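Following: one structure in structure tokens, then a few remarks.
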Amino acid sequence: MPDIDSGNTAWVLISAALVLFMVPGLAFFYAGMVRSKNVLGMLMQNFFSLGLVSVLWVLLGFTLAFGKDLGGGLLGALDFIGLSKLAEVPGFTDDLALTIPPMAFVAFQMMFAVITPALITGAIADRMKFGAWVVFLGVWSIVVYAPVAHWVFSPGGWLFQRGALDFAGGTVVHINAGIAALALILVLGRRKGWPAEAMPPHSLPLTLLGTGILWFGWFDFNAGSALGANGIAGQALLNTHVAAAMAMCSWLVVERMKDGKATTLGGASGAVAGLVAITPCAGFVNTIGALAIGAVAGAVCFLAILLKYKLRYDDSLDVVAVHLVGGIIGSILLGLFADHSINGATGDGILLGGNAELLVNQFIAVGATLAFSGILSFVLAKAIDLTMGLRVTEDDEAQGLDTTQHAETAYSFGDVRSLGRVA
Amino acid sequence: MPDIDSGNTAWVLISAALVLFMVPGLAFFYAGMVRSKNVLGMLMQNFFSLGLVSVLWVLLGFTLAFGKDLGGGLLGALDFIGLSKLAEVPGFTDDLALTIPPMAFVAFQMMFAVITPALITGAIADRMKFGAWVVFLGVWSIVVYAPVAHWVFSPGGWLFQRGALDFAGGTVVHINAGIAALALILVLGRRKGWPAEAMPPHSLPLTLLGTGILWFGWFDFNAGSALGANGIAGQALLNTHVAAAMAMCSWLVVERMKDGKATTLGGASGAVAGLVAITPCAGFVNTIGALAIGAVAGAVCFLAILLKYKLRYDDSLDVVAVHLVGGIIGSILLGLFADHSINGATGDGILLGGNAELLVNQFIAVGATLAFSGILSFVLAKAIDLTMGLRVTEDDEAQGLDTTQHAETAYSFGDVRSLGRVA
Amino acid sequence: MPDIDSGNTAWVLISAALVLFMVPGLAFFYAGMVRSKNVLGMLMQNFFSLGLVSVLWVLLGFTLAFGKDLGGGLLGALDFIGLSKLAEVPGFTDDLALTIPPMAFVAFQMMFAVITPALITGAIADRMKFGAWVVFLGVWSIVVYAPVAHWVFSPGGWLFQRGALDFAGGTVVHINAGIAALALILVLGRRKGWPAEAMPPHSLPLTLLGTGILWFGWFDFNAGSALGANGIAGQALLNTHVAAAMAMCSWLVVERMKDGKATTLGGASGAVAGLVAITPCAGFVNTIGALAIGAVAGAVCFLAILLKYKLRYDDSLDVVAVHLVGGIIGSILLGLFADHSINGATGDGILLGGNAELLVNQFIAVGATLAFSGILSFVLAKAIDLTMGLRVTEDDEAQGLDTTQHAETAYSFGDVRSLGRVA
Amino acid sequence: MKLITAIVKPFKIDEVRDALKGMGVEGMTITEVQGFGRQRGQTEVYRGAEYTVNFVPKARVEVLVADGEAERIVDAIVEAARTGKIGDGKIWVTDVDGVVRIRTGEKGADAL
Amino acid sequence: MKLITAIVKPFKIDEVRDALKGMGVEGMTITEVQGFGRQRGQTEVYRGAEYTVNFVPKARVEVLVADGEAERIVDAIVEAARTGKIGDGKIWVTDVDGVVRIRTGEKGADAL
Amino acid sequence: MKLITAIVKPFKIDEVRDALKGMGVEGMTITEVQGFGRQRGQTEVYRGAEYTVNFVPKARVEVLVADGEAERIVDAIVEAARTGKIGDGKIWVTDVDGVVRIRTGEKGADAL
Ligand SMILES: Nc1ncnc2c1ncn2[C@@H]1O[C@H](COP(=O)(O)OP(=O)(O)O)[C@@H](O)[C@H]1O
Ligand SMILES: Nc1ncnc2c1ncn2[C@@H]1O[C@H](COP(=O)(O)OP(=O)(O)O)[C@@H](O)[C@H]1O
Ligand SMILES: Nc1ncnc2c1ncn2[C@@H]1O[C@H](COP(=O)(O)OP(=O)(O)O)[C@@H](O)[C@H]1O
């Protein structure tokens with residue numbers, strides 16, 4: 001087995017750090033969009049994923065995802081439970097990974113496990129019990145996330161074996177979280193007053209801060225998935241940026257045509273849509289491919305938002321339109337734009353003269369993720385709803401999650417508001 | 001040609017990420033200083049540069065800047081258009097660059113192209129039409145930025161050939177943006193009410209957040225320009241920090257003497273002034289040189305602000321005083337403080353016993369940038385003003401850019417404010 | 001001497017950048033917790049450490065900490081004064097360090113020197129004169145920080161020689177700052193109105209932003225202390241994250257039991273407590289050890305907060321409970337959890353069958369730091385109090401630090417508030 | 001001319017506004033205020049310390065009406081703002097000497 | 001003693017203040033309020049959904065004046081606050097039983 | 001029924017509230033306002049430019065009381081809010097036609 005390469009190791013370690021940073025980034029991206037009485041509720045739902053899911057990942061998640069395959073490529077065995085005996089079988093996705101210390105790979109993958117369920121919080125804004133979220137979060141990360149990660153990211157996974165490609169998590173992260181979000185809100189129901197009552201963002205600067213952090217972290221979320229500092233990582237990083245930039249432009253163009261203005265939230269949302277769509281493709285397509293994928297994602301994700309008003313489901317901060325739709329766009333377009341000259345691990349996509357095999361595999365991967373995650377997430381939501389209950393009371397919803405779930409207030413600017421007596 | 005070095009590659013890739021992060025940083029630095037009705041206008045002018053300029057850089061900008069010289073060192077040829085055939089001729093600035101993948105270099109340089117025009121937004125705060133900014137931004141990045149980048153950064157550029165030095169963009173980035181900002185506001189005019197009416201920052205914490213992000217990113221903006229993880233990068237990083245620290249101190253000392261208080265905005269502004277001034281020098285001077293350059297920059301940039309009150313030009317957030325003046329300070333002082341023992345690519349500056357040749361070249365580089373960028377930026381501004389118009393209406397200016405340009409409000413803290421009905 | 005390794009260099013350089021970023025992170029973590037009239041006062045106390053301490057470190061601090069030992073392992077000689085002749089004797093902590101450029105090590109260590117005194121500001125919130133803080137900050141960084149850093153981090157230091165271990169600053173950074181904070185507030189006294197009057201955080205989102213930045217930076221604060229990109233760095237990074245995650249969980253569990261709610265501030269505080277406790281252990285313990293240390297830190301630090309209400313000292317933002325107590329927990333538990341198989345530089349801790357020698361050394365290191373820093377900090381505080389005075393006037397305290405110390409207001413959201421006339 | 005001032009729960013503002021609109025009242029002015037009364041402020045937790053907020057956020061509604069209409073409009077506000085729980089607030093009526101519409105200078109009832 | 005209350009456009013505050021100063025009025029109190037009236041709130045866009053804000057930001061000015069002066073001061077405010085566009089606001093005058101200056105305890109006109 | 005309106009320094013609110021509580025006044029309503037008067041706004045510095053803030057933050061206290069009690073309550077507020085320094089503020093009293101408690105519909109003194 002090759003020696004540890006300090007450059008690759010530095011790259012994967014700093015990538016783990018940047019992906020960690022995406023979790024607060026996501027929290028602010030979402031928290032800025034909710035009303036001022038629900039800011040902390042949103043922040044806490046995200047931050048707590050850093051706590052709970054990380055611990056579960058060490059104890060159980062990693063081995064279920066990357067342990068020796070139990071057979072059929074469905075789940076990993078318990079050989080790495082508690083991260084023991086890791087030296088033996090890193091269970092990495094390819095030899096390259098053997099040039100970095102196992103723990104670097106564990107840490108990098110852990111951050112994916114943390115941020116994926118956090119993506120769901122955008123859909124359930126302002127109305128879910130914190131306790132219920134904690135249960136959903138913990139169970140989902142083991143029962144839904146770990147298996148899907150095994151299918152796609154582990155060399156033993158059945159989708160990996162089939163040759164379905166997902167560079168950094170189009171299926172595992174975005175489609176997985178997006179369909180779970182849809183399932184959860186179908187059980188949870190709509191916010192009181194939606195859609196008649198406007199619920200404008202309480203702080204767009206906070207949302208743009210989150211956007212900046214996400215964009216920054218996404219460079220390493222994608223390029224770090226090369227598991228080394230090399231040409232593929234360079235191409236992946238460039239593609240990631242270019243797709244985000246192009247998607248921002250196309251979202252704003254369509255928005256301006258429909259609503260007459262180019263909004264800052266539109267610019268931010270477009271960039272995120274592009275980042276989502278390029279995620280499965282980052283290290284497999286060329287720069288022009290990345291531009292094309294970004295252009296499609298920006299326009300289509302914007303239009304996908306209008307669906308919720310038609311179908312009357314309250315996907316509060318548009319997790320479905322951005323992550324589910326964006327993830328599908330990227331996973332499917334990879335079948336068209338994959339470029340063998342960029343990455344030997346893939347054949348050419350249809351547009352580059354390749355055959356349809358990859359495209360078919362991509363459809364299978366998307367379908368399998370939709371079905372598995374959608375059904376299990378729905379069942380899990382139902383189970384929690386019937387036992388402890390998913391939703392806060394009407395009064396608590398009216399008063400807001402911050403005071404009712406966490407006994408705190410996000411902001412106290414005035415001189416008077418903050419007056420109080422210690423009990 | 002040498003192999004790819006994973007350490008150098010990791011360094012340049014993460015540097016590209018940190019420079020990307022500077023764009024939101026800059027956006028917050030500026031947005032905190034404007035009034036609460038213009039926050040989104042400022043944020044959007046900056047964020048949109050990430051969208052538009054990145055796309056243009058892929059299509060045209062990179063090849064104009066780093067393509068084979070067309071002759072005379074004035075502009076690059078179109079051989080890299082759409083980033084094609086990059087493997088062939090990286091067009092990097094030296095052999096070292098050959099140890100990193102071309103796309104890493106492209107991405108790193110792209111971020112410079114994105115942030116440079118964004119620096120201009122500080123001067124035009126609160127009064128420019130978004131549409132007019134989009135046009136200025138796009139045209140400027142191709143017509144002004146790309147050529148100057150070619151002159152200075154490309155091995156084929158005439159200033160590069162002459163031996164003028166610019167480690168990370170004193171001329172290309174700061175002087176270039178600073179003089180363009182001055183030209184643009186001469187056409188745009190002053191904010192209504194300025195200078196009689198006080199226009200205090202709406203959120204200094206936001207400005208300090210921006211400062212923190214900028215400082216963080218600047219480490220790699222400068223040290224990343226070594227294009228490798230080596231001794232020069234180490235010295236450049238240390239110099240960058242030391243100059244910022246020293247400039248913060250000297251700004252605050254002078255401010256305290258003049259106005260009786262050391263302000264937080266002063267501390268932040270001083271640090272940025274130091275970061276600007278050290279940019280061209282970072283990898284060419286020793287630590288004591290960096291301290292000296294920082295000390296000068298902090299004091300002089302502070303005093304330079306007073307100019308606008310004398311000469312009555314509304315450089316709203318002091319782009320001229322900080323970036324133009326700071327950039328000139330650094331570019332010129334390099335002629336005094338350059339240290340051959342730090343970097344073999346330079347001779348010694350005058351204070352280290354070198355001759356005046358470098359100093360002369362620095363003056364030529366500064367002069368050429370001032371003239372070229374100043375004139376073209378002015379013409380471009382005039383052209384836009386005469387055709388589509390640069391400035392919002394008086395009513396729109398009074399109401400603020402956020403609602404009039406983007407149909408959004410930055411903050412909705414109260415319970416009542418946010419009430420609204422969906423159309 | 002070995003060649004420079006580009007991977008190790010990239011890792012240490014980016015680590016220096018991330019630790020730098022922790023300073024604004026800390027500033028926001030604290031600033032969010034104070035009332036809106038003291039926000040800038042808090043931010044400035046932290047940001048100014050970046051200015052003053054950095055300059056002092058170049059001139060004097062580094063050589064006192066890492067210069068050739070003057071004898072007895074108490075202090076470094078002046079051979080590196082002004083960072084001269086560094087090539088000669090890097091004075092690094094082990095051979096590995098010889099694979100990175102001296103200036104990278106200097107820069108990385110400089111950030112530790114900057115952030116350590118900044119930790120103190122949380123205890124003195126809302127009532128200390130800015131001028132008095134500047135004096136305390138400068139003197140303390142030379143007279144207290146540099147010697148302790150020499151004792152523990154320099155190969156010539158007496159605690160280093162004894163075999164006391166501190167991977168990234170449990171004693172040097174956290175215990176050192178924590179006891180200094182306690183000493184300083186004993187002289188400074190309580191805030192007017194404390195504890196009867198509630199002084200709720202003015203912006204918890206700002207505090208959570210700080211938490212996110214701190215968590216992100218801490219990865220490299222700890223893993224960067226490996227001074228290379230290798231297996232130890234990987235384990236250190238993973239341990240850092242896992243301890244923070246576990247501590248967040250345990251803090252919230254205890255908080256919920258005591259107060260009935262899991263608060264966002266509790267989640268953030270727990271994470272920071274875990275990060276503090278794992279700091280001395282990061283590269284010396286295994287993953288399960290990290291989980292255990294985190295679990296203890298989260299619960300104990302929460303309970304430690306209650307002390308201040310009993311003993312009536314106003315440790316305003318709980319520097320003592322989090323940094324002093326957390327630092328002691330980590331430094332001592334290292335004696336139990338140290339794992340030779342993780343890092344050859346340590347023997348096994350008691351729980352892994354090792355002897356008590358390490359534990360004894362840890363107690364000595366903790367005791368020495370407490371005594372030295374506690375006494376000198378108290379004397380320094382007294383001296384400043386008797387000469388220039390530590391504390392603002394009652395009126396200034398009532399009006400707030402922002403306007404009285406810095407002639408600024410943090411936020412101006414309203415249309416009316418911001419109206420003013422330039423003098 | 002009468003000035004009706006009502007202190008109500010903030011989330012009732014929309015209903016109050018609709019009620020007034022229904023009665024042909026063309027305008028009103030709202031202020032976000034802090035109320036102190038029988039209703040206790042909520043209890044919050046800050047790092048192990050519980051404290052009660054002294055004041056409760058309320059909305060203050062001002063409506064100018066013609067003398068005759070005051071009573072039924074007060075009743076309408078009571079109707080719209082009532083939850084039956086403590087803290088619903090107060091309404092008071094004061095006499096107004098005169099009103100002017102700034103835009104036109106119209107006086108009295110025409111100014112409304 | 002009279003209390004003049006004016007609802008004006010926020011950016012007119014400075015002009016109103018200057019006008020009052022010009023007439024020797026020593027003080028006033030301003031409140032930021034939300035207005036509802038003929039002037040429609042602006043239309044904003046949120047991810048493909050347009051909505052109208054119900055309320056328009058206004059500034060509420062209170063000035064205590066001696067009985068005799070009320071009229072000319074009202075006129076002065078009308079003058080200073082008028083833009084001629086819808087939404088300029090209202091001014092009303094109410095009677096005040098008495099005024100005290102807290103600092104000195106002075107009563108009536110001396111308290112102003 | 002009388003309405004007492006007091007403009008006081010914000011950090012005096014707690015003392016005012018305690019004083020009123022001491023006199024059995026069950027409730028009050030506070031508004032954060034900007035005051036303009038003899039007390040000058042503070043001077044701030046913005047990158048080399050000094051400027052004076054026109055307005056000073058104040059708190060506006062409204063208390064409804066029975067006719068008879070107005071005087072002693074005004075005195076109590078004066079007592080509690082006074083610092084003796086310029087800017088302590090004003091108190092004024094106006095007559096109220098009637099009061100209603102929204103929750104119960106009670107009128108007059110019972111509504112307090
Ligand atoms: N005497 C008073 N003067 C002015 N405002 C009052 C008075 N009493 C109550 N209020 C206002 O009415 C609000 C509700 O009063 P409260 O006593 O809490 O409930 P309720 O109105 O149901 O009796 C308070 O928050 C305060 O704003
Ligand atoms: N009946 C009313 N009672 C109290 N305030 C009112 C009333 N009518 C209008 N206002 C206030 O006056 C402002 C301007 O009124 P509006 O009808 O929009 O324009 P105009 O004053 O030009 O007719 C409103 O925003 C509101 O604050
Ligand atoms: N004529 C007035 N009408 C309304 N409010 C006033 C008037 N004069 C003063 N005030 C309010 O009283 C506050 C204090 O007044 P000021 O003249 O500064 O001090 P003092 O009350 O001690 O004379 C002002 O900030 C303002 O809010």
Side-chain angles (χ1 to χ4, degrees), chain D residues 1-10 12-13 15-16 19 29-41 51-62 65 67 70-97, chain F residues 1-8 10-34 57-67 70 73 76-77 80 92-112:
Chain D
M1 199 82 23
K2 297 285 179 187
L3 173 66
I4 301 173
T5 306
I7 309 293
V8 304
K9 289 180 168 165
K12 280 294 195 176
I13 280 294
E15 284 168 62
V16 170
T29 300
I30 314 281
T31 315
E32 298 193 350
V33 298
Q34 304 292 330
F36 169 64
R38 281 176 197 71
Q39 182 193 11
R40 317 288 310 116
Y51 66 92
T52 340
V53 177
N54 292 349
F55 297 95
V56 187
K58 300 282 174 188
R60 182 175 186 275
V61 184
E62 286 175 301
V65 299
D67 292 3
E71 199 152 327
R72 38 187 284 276
I73 288 179
V74 168
D75 296 344
I77 297 175
V78 170
E79 215 37 68
R82 173 181 287 149
T83 70
K85 298 213 192 67
I86 195 158
D88 276 350
K90 319 281 181 203
I91 306 179
W92 63 83
V93 181
T94 49
D95 195 63
V96 173
D97 295 2
Chain F
M1 199 82 26
K2 297 285 179 186
L3 172 66
I4 301 172
T5 305
I7 308 293
V8 304
F11 63 88
K12 280 294 194 175
I13 281 293
D14 248 14
E15 284 168 60
V16 169
R17 192 192 59 148
D18 293 346
L20 293 184
K21 239 174 152 177
M23 303 177 66
V25 176
E26 282 306 334
M28 57 198 267
T29 301
I30 314 280
T31 314
E32 298 193 350
V33 297
Q34 304 291 331
K58 300 283 172 187
R60 183 175 183 278
V61 184
E62 287 175 301
V63 198
L64 291 161
V65 298
D67 291 3
I73 289 178
I77 296 175
W92 63 84
V93 181
T94 49
D95 195 62
V96 173
D97 297 1
V99 183
V100 188
R101 163 179 282 123
I102 293 172
R103 174 166 45 98
T104 57
E106 291 160 282
K107 294 220 154 68
D110 307 348
L112 298 189

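Naming convention: chains lettered A, B, ... in sequence-line order (proteins, then strands); numbering from 1 in each chain. Predicted model only: the values in this text are computed from it and were never measured. Only this structure's heavy atoms are used, side chains among them; waters, hydrogens and symmetry mates stay out.
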Q. Just wondering, do D:Ile4 and D:Val65 contact through their side chains at under 4.5 Å, heavy atoms?
A. yes
Q. In residues 102-109 of chain F, which residues are in contact with chain D at a heavy-atom separation under 4.5 Å?
A. F:Ile102, F:Arg103, F:Thr104, F:Gly105
Q: First locate atom CD1 of D:Ile7, then atom CD of D:Gln34, and finally report the distance between them rounded to the nearest 0.5 Å.
A: 11.5 Å
Q. Any Lys/Arg nitrogen of D:Asp88 or D:Lys9 sitting under 4.0 Å from an Asp/Glu carboxylate oxygen of the other?
A. yes
Q: Mark yes or no for whether F:Thr31, through its side chain, and F:Val33, through its backbone, hold a donor-acceptor pair below 3.5 Å.
A: no
Q: Could you tell me whether the side chain of D:Arg60 and the main chain of D:Ala6 form a donor-acceptor pair under 3.5 Å?
A: no
Q. Which region of D:Leu3, side chain (C-beta onward) or backbone (N, CA, C, O), has a non-hydrogen atom less than 4.5 Å from a non-hydrogen atom of chain F, or is it both or neither?
A. neither
Q | Side chain, backbone, both or neither of F:Leu64 within contact of chain D (heavy atoms, under 4.5 Å) | A | side chain
Q) Are F:Glu32 and F:Ile30 close enough, and set up right, to give a side chain to side chain contact (heavy atoms under 4.5 Å, CB included), and what steps lead you there? A) CA-CA 7 Å; F:Glu32 298 193 350; F:Ile30 314 280; 5.6 Å; no
Q) Considering residues at least two apart in sequence or located in another chain, which fulfil the salt bridge (Lys or Arg N to Asp or Glu O under 4.0 Å) criterion with D:Lys12? A) D:Glu15
(Q) Just so I understand: if I count every heavy-atom pair under 4.5 Å between each of D:Val93, D:Val56, D:Ile86, D:Thr94 and chain F, which residue has the most? (A) D:Val93
Q. Is there a side-chain contact between D:Phe36 and F:Lys21 (heavy atoms, below 4.5 Å)?
A. yes
**Q.** Test salt bridge (Lys or Arg N to Asp or Glu O under 4.0 Å) applied to D:Asp95 - qualifying residues, sequence neighbours left out
**A.** D:Lys2
Q: Establish, from distance only, whether the side-chain atoms of D:Lys58 and D:Gln39 form a donor-acceptor pair under 3.5 Å.
A: yes
(Q) Do D:Val61 and D:Thr5 have side chains that approach each other closer than 4.5 Å (heavy atoms only, starting at C-beta)? (A) no
Q. For the candidates F:Val100, F:Thr29, F:Val99, F:Leu112, which exhibits the highest count of non-hydrogen atom pairs separated by less than 4.5 Å from chain D?
A. F:Val100
Q: Sort by residue number and list every member of residues 70-81 of chain D having a non-hydrogen atom under 4.5 Å from chain F.
A: D:Val74, D:Val78, D:Ala81
